Amino acid sequence: MSLLFEPTPLGDAEYHAITSALLSRIEATVDQWLQDDVVDIDTHRTGGLLELGFPNGSKIVINTQPPLHELWMAARQGGYHYKFSAGQWLDTRDRGEFFAALSARASEQAGRALRFE
């Protein structure tokens with residue numbers, strides 16, 4: 001199977017709208033977990049950069065890359081680059097879906113099962 005895929009062409013305004021909504025969705029999920037006493041993850045957002053701080057001191061950083069129309073994630077387990085294709089963000093190396101990877105990395109760093117959707 002080829003790992004090549006065709007990214008969906010996005011204009012700058014569309015890219016910014018999609019990534020802004022994605023970061024807001026992540027923040028809303030983390031806020032709900034805090035309200036429901038699931039896990040205490042701190043969020044800090046500056047423009048297109050969202051930092052998630054876990055109780056053990058580890059972090060996940062999600063960063064938009066406007067010139068490349070990519071989304072990057074840095075976690076304790078490594079760095080990942082995503083391109084938008086057919087309505088989802090796919091890893092440029094293994095085609096893994098962004099929210100699945102974020103859920104896996106966050107679960108590992110929180111020490112409990114977490115699911116971003």
Side-chain angles (χ1 to χ4, degrees):
M1 173 175 112
S2 171
L3 292 181
L4 298 175
F5 63 95
E6 191 64 37
T8 301
L10 298 173
D12 289 344
E14 187 178 16
Y15 169 81
H16 287 293
I18 291 170
T19 55
S20 180
L22 177 137
L23 296 178
S24 294
R25 188 168 144 194
I26 294 167
E27 287 176 307
T29 299
V30 170
D31 288 347
Q32 189 62 54
W33 288 340
L34 184 58
Q35 280 186 328
D36 294 344
D37 201 27
V38 173
V39 64
D40 185 7
I41 298 173
D42 294 323
T43 61
H44 180 72
R45 184 169 170 183
T46 305
L49 184 139
L50 176 62
E51 186 176 284
L52 307 177
F54 291 81
N56 64 3
S58 67
K59 295 182 188 299
I60 292 177
V61 177
I62 300 155
N63 194 9
T64 62
Q65 296 295 316
L68 303 173
H69 285 187
E70 290 186 355
L71 184 67
W72 292 1
M73 177 172 57
R76 190 167 54 190
Q77 298 79 3
Y80 308 86
H81 296 187
Y82 297 86
K83 286 197 172 280
F84 196 71
S85 179
Q88 59 185 347
W89 291 95
L90 300 178
D91 188 299
T92 59
R93 287 180 295 200
D94 69 9
R95 293 183 66 177
E97 194 274 327
F98 172 78
F99 283 107
L102 176 59
S103 297
R105 303 295 81 81
S107 296
E108 291 166 1
Q109 291 182 218
R112 64 176 303 144
L114 298 172
R115 183 178 168 112
F116 287 90
E117 297 182 38

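These figures come from a predicted structure and were not determined experimentally. Worth knowing before you read on, the calculation uses all heavy atoms, side chains too, and leaves out hydrogens, waters and symmetry mates.
The CD1 atom of Ile26 sits 10.5 Å away from the OG1 atom of Thr43 when rounded to the nearest 0.5 Å. Going from atom CG of Leu22 over to atom CD of Gln88 covers 12.0 Å, rounded to the nearest 0.5 Å. Taking CD of Glu14 as the reference point, atom OG1 of Thr8 lies at 8.5 Å (rounded to 0.5 Å). For the atom pair Asp91 CG and Ser85 OG, the distance stands at 12.5 Å (nearest 0.5 Å). Between Ser103 atom OG and Arg115 atom CZ the span is 6.5 Å, to the nearest 0.5 Å.
Smallest separation of non-hydrogen atoms from Leu10 and His69: O-CE1, 2.9 Å. In plain terms, the two heavy atoms of Ala106 and Phe54 that are nearest each other are O-CE2, 3.7 Å. Across Ser107 and Leu114, no two heavy atoms sit closer than the pair OG-N, 2.8 Å.
When hydrophobic side chains of Ile, Leu, Val, Met, Phe, Trp and Tyr are connected at separations under 4.5 Å, Trp72 ends up clustered with Leu68.
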Donor-acceptor pairs under 3.5 Å, side chain of residues 73-81 to any protein atom, not counting sequence neighbours: which ones?
residue: Arg76; atom: NH2; partner: Glu108; partner atom: O; Å: 3.4
residue: Gln77; atom: NE2; partner: Glu108; partner atom: OE1; Å: 2.5

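Checked against side-chain contact (heavy atoms from CB on, under 4.5 Å), Gln35 has the following partners two or more places apart in sequence or in another chain: Gln32. Residues passing the side chain to side chain donor-acceptor pair (under 3.5 Å) test with His44 are Thr46, sequence neighbours excluded. Thr64 is linked by a side-chain contact (heavy atoms from CB on, under 4.5 Å) to Tyr15, Thr19, Leu23, Pro66, Leu71, counting only residues two or more places apart in sequence or in another chain. Applying the side-chain contact (heavy atoms from CB on, under 4.5 Å) test to Asp40 and every residue at least two apart in sequence or in another chain returns Leu34, Asp42. Not counting sequence neighbours, the partners of Phe84 by the ring pair (Phe, Tyr, Trp, His ring centres under 6.0 Å) test are Trp89. Applying the salt bridge (charged side-chain N to carboxylate O under 4.0 Å, His left out) test to Glu97 and every residue at least two apart in sequence or in another chain returns nothing.
Taking the side chain as every heavy atom from C-beta outward, Val30 and Val39 never approach each other to under 4.5 Å.
Counting only residues at least two apart or on different chains, the ring pair (Phe, Tyr, Trp, His ring centres under 6.0 Å) pairs with a member in residues 96-117 are Trp33-Phe116, Tyr82-Phe98. Among pairs with a residue in residues 22-39, those fulfilling salt bridge (Lys or Arg N to Asp or Glu O under 4.0 Å) read Glu27-Arg45, at least two apart in sequence or across chains. Identified under the salt bridge (Lys or Arg N to Asp or Glu O under 4.0 Å) test for residues 58-70, with sequence neighbours left out: Glu51-Lys59, Glu70-Lys83.
Leu52 and Val61 are not part of a single hydrophobic cluster, where members link through side-chain heavy atoms under 4.5 Å apart.
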### Task
Apply the test side-chain contact (heavy atoms from CB on, under 4.5 Å) to residues Arg112 and Val38: give CA-CA distance (whole Å), side-chain angles for both, the deciding distance (0.1 Å), then the verdict.
CA-CA 9 Å; Arg112 64 176 303 144; Val38 173; 4.1 Å; yes
